[in-house]
*Asks:* 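Okay, here's the structure, questions in a sec.
Proteins come first, then strands; the chains are lettered A, B, ... in the order of their sequence lines, and each starts at number 1.
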There are 2 protein chains.
Amino acid sequence: MSNADRALKLSGPVPVRVSSGQRVRVPKTAELVADALRRAIIQGELSPGDALPPESAMMEQFGVSRPTLREAIRVLESESLIVVRRGVHGGARVNAPDPKTAARYLGLILEYRNTNLSEMFDLVSSLEPPCARLLAERQSESDVERLREALAAEREAGTDPVAAAEAHAAFHATLVELTGNRAVITVSETVQCIFAEVGTQHAAGGDGPDFQKDHEAHLKVVRLIAAGKGAEAERHWQRHTALMARTSAASDGDSPLELLA
Amino acid sequence: MSNADRALKLSGPVPVRVSSGQRVRVPKTAELVADALRRAIIQGELSPGDALPPESAMMEQFGVSRPTLREAIRVLESESLIVVRRGVHGGARVNAPDPKTAARYLGLILEYRNTNLSEMFDLVSSLEPPCARLLAERQSESDVERLREALAAEREAGTDPVAAAEAHAAFHATLVELTGNRAVITVSETVQCIFAEVGTQHAAGGDGPDFQKDHEAHLKVVRLIAAGKGAEAERHWQRHTALMARTSAASDGDSPLELLA
DNA sequence: AGTTATTTGTTCGTATGTATG
DNA sequence: CCATACATACGAACAAATAAC
């Protein structure tokens, strides 16, 4: 059976070589299989938790050999779209795509480009202030309620370094999530994943004696949002996040990311 | 040869199963090989264009069989870290990690979450205004010169739709690049890659009769940057990008991304 | 608690296609 | 046009892990 025959079974149009001498990227069989499975997962035909057919069934379905199928399986596994377990009721199960995967690849490029922590904080300082403004302009009561809950969680965390850092990060995440903008939310989550990778000590930005000061800044932004003062909320949050960036730069913000170490 | 023995050859610490009943994710051999090669590429030991050893050599080097090695190769190829060619002087060659790869995975999640174009434009509207402010505060002569070159390119593109759209996008890219913040630059490039995927007709945002208006907005931001008026430059650029977002929403900004179609 | 059946993990051998020289 | 070197793909086999019985 030729490669072209197999491609027909997988994605319809056969990758034909053009007669002119032009270079043609011939899709490998395993890639076609991986693409077909990935598409089924992303478009919701397969839901998280669903089991893929056993290897033998997929071999027949796609008309490929086991090594070829396994190459495709390994690709999807590297993308965290599936997890594979051995044993009797094992096999491949679908995973929901989550920002941690995107973070891995974005982090790869950032590390390759010698990006440092300060630049990452500046990125946060770009993303979050417009969120504060949007919430203030919308002036929704339920938004304010959610933010006040996050504030309460901060107070409850008290001075325990790790709990306070978590609550601090959760407040920032809430501020972004409430906007409902899935693009901004996803990028923000991705960035936070990278922070989590590089070490929790920087994730909160204020791993010092200024938890109290941070909490006051959070209180203030909620006050401004509740009052509908968009421009002021944005400006205030811009200053707050910029301060976090400077604080990090003072410690070791100039050292490049090392995610693969 | 056991899996643990092979792991030793690859990454040192052996993935030992803990005695307690806890679930342990046992790394597969192909993953370990892929990790080792990926690390060598990202950390610069292998430069773009370099050829990896032939399969037979790598099989011996890592102590794995051909199918296992090929699983690893396929993973790296799916990440665009290498390209594999057949034939006499074929083999795997190293590719520089570029934002297009991150865009694929970020786009996957965005599509899964039913993100639409409007939300993407709002993201741009978060990222770029702080760049304008930073450039104005820095007030560098060479920055202004580069921006004026981008403006000249826009004038040169004239009214040709595709050339004008390209020049328009290039101006935005220049504005971001000049800041020198690698994190913001990389995320911005990633977002632009997604726009390019979804279709060039939206990439510029102004695929209508308002190229002239856009150009005037670009002129103004350069004027404000040259004058060192940071706050005004940021506000102006915020309005400009927000206008692009609204223009897109008016056409088909509400339709979710379809990157795998 | 041990056995067993099922499923994946890994390997070997072999045949084919492709591009270079 | 042929020969060579390399990746591509297949099939069969054994090993290891896991859950059910």
*Asks:* Which pairs with one or both residues in residues 77-98 of chain A pass ring pair (Phe, Tyr, Trp, His ring centres under 6.0 Å), sequence neighbours excluded?
*Replies:*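 Residue pairs passing ring pair (Phe, Tyr, Trp, His ring centres under 6.0 Å), neighbours aside: none found.
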*Asks:* May I have the list of side-chain donor-acceptor pairs in residues 91-98 of chain A shorter than 3.5 Å, sequence neighbours left out?
*Replies:*
{"residue": "R93(A)", "atom": "NE", "partner": "G49(A)", "partner atom": "O", "Å": "3.4"}
{"residue": "D98(A)", "atom": "OD2", "partner": "K100(A)", "partner atom": "N", "Å": "3.1"}

*Asks:* If you compare every side-chain N and O of H89(A) against the phosphate oxygens of dT6(C) (OP1, OP2), does one of them come in below 4.0 Å?
*Replies:* no
*Asks:* Does the side chain of T29(A) get closer than 4.0 angstrom to OP1 or OP2 of dA9(D) through an N or O atom?
*Replies:*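 For T29(A), the contact criterion (side-chain N or O under 4.0 Å from OP1 or OP2 of dA9(D)) is met.
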*Asks:* Over how many whole Å does the gap from I73(A) atom CD1 to dT7(C) atom P extend?
*Replies:* 14 Å
*Asks:* Tabulated below should be each protein N or O lying under 3.5 Å from an N or O of nucleotides 13-15 of chain D; please produce it.
*Replies:*
{"residue": "dA13(D)", "atom": "N6", "partner": "R66(A)", "partner atom": "NH2", "Å": "3.4"}

*Asks:* Can R113(A) and E189(B) be counted as an ion pair, charged N to O under 4.0 angstrom?
*Replies:* yes
*Asks:* May I have all residue pairs that pass ring pair (Phe, Tyr, Trp, His ring centres under 6.0 Å) and include part of residues 91-114 of chain B, sequence neighbours excluded?
*Replies:* Y105(A)-Y105(B)
*Asks:* Grab the CZ-C1' distance between R93(B) and dA7(D) for me, whole Å please.
*Replies:* 14 Å
*Asks:* I need the I194(A) CD1 to E111(A) CD distance, nearest 0.5 Å.
*Replies:* 10.5 Å
*Asks:* If you look at every strand shown and take non-hydrogen atoms under 4.0 Å, does G90(B) touch a base, only sugar-phosphate, or nothing?
*Replies:*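 Nothing: the residue G90(B), judged by heavy atoms under 4.0 Å, touches no strand.
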*Asks:* Provide, to the nearest angstrom, the distance between the CZ atom belonging to R85(A) and the P atom belonging to dG9(C).
*Replies:* 12 Å
*Asks:* For P67(B) and P54(B), find the nucleotide of DNA chain D closest to each by heavy atoms; which residue's nucleotide sits nearer the 5' end?
*Replies:*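 Here P54(B) is the residue nearer the 5' end.
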*Asks:* Using ring pair (Phe, Tyr, Trp, His ring centres under 6.0 Å) as the criterion, list what pairs up with F171(B), not counting sequence neighbours.
*Replies:*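 If we apply the ring pair (Phe, Tyr, Trp, His ring centres under 6.0 Å) test to F171(B), skipping adjacent residues, the hits are H218(B), W237(B).
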*Asks:* Could you list the residues that satisfy side-chain contact (heavy atoms from CB on, under 4.5 Å) with A170(B), not counting sequence neighbours?
*Replies:* none
*Asks:* What does the inter-axis angle of the helix from dG2(C)-dC21(D) to dG21(C)-dC2(D) come out as, five pairs per end, nearest 10 degrees?
*Replies:*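 For the helix from dG2(C)-dC21(D) to dG21(C)-dC2(D), the axes at either end differ by 10°.
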*Asks:* If I take atom CG in residue L69(B) and atom P in nucleotide dC12(C), what distance separates them, rounded to the nearest angstrom?
*Replies:*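 To the nearest whole Å, that distance equals 12 Å.
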*Asks:* Would you kindly give the CD-to-P distance between E55(A) and dA12(D), to the nearest whole Å?
*Replies:*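 Taking CD of E55(A) and P of dA12(D), I get 16 Å after rounding.
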*Asks:* Assign each of A92(A) and T68(B) to its nearest nucleotide of DNA chain C by heavy atoms, then name whichever residue's nucleotide is nearer the 5' end.
*Replies:*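 The residue whose closest nucleotide sits nearer the 5' end is A92(A).
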*Asks:* Can you list everything that forms a salt bridge (Lys or Arg N to Asp or Glu O under 4.0 Å) with R66(A)? Sequence neighbours excluded, please.
*Replies:*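 Testing R66(A) for salt bridge (Lys or Arg N to Asp or Glu O under 4.0 Å), a comparison that skips the adjacent residues, returns E55(A).
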*Asks:* Heavy atoms from C-beta onward define the side chain here; which of dT10(C), dT4(D), dT11(C) lies closest to that of V88(B)?
*Replies:*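 Minimum distance to the V88(B) side chain belongs to dT4(D).
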*Asks:* What pairs with R38(B) under salt bridge (Lys or Arg N to Asp or Glu O under 4.0 Å), at least two apart in sequence or on another chain?
*Replies:*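 Checked R38(B) against salt bridge (Lys or Arg N to Asp or Glu O under 4.0 Å); matches are D35(B), E79(B).
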*Asks:* Please report the distance, rounded to the nearest Å, between CD in E60(B) and P in dC6(D).
*Replies:*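 Spelled out: CD on E60(B) to P on dC6(D) is 14 Å.
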*Asks:* Rounding to a whole Å, what distance do you find between E31(B):CD and dG9(C):C1'?
*Replies:* 12 Å
*Asks:* Rounded to whole angstrom units, what separation is found between the CE atom of M59(B) and the C1' atom of dA7(D)?
*Replies:*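 It works out to 12 Å between those atoms.
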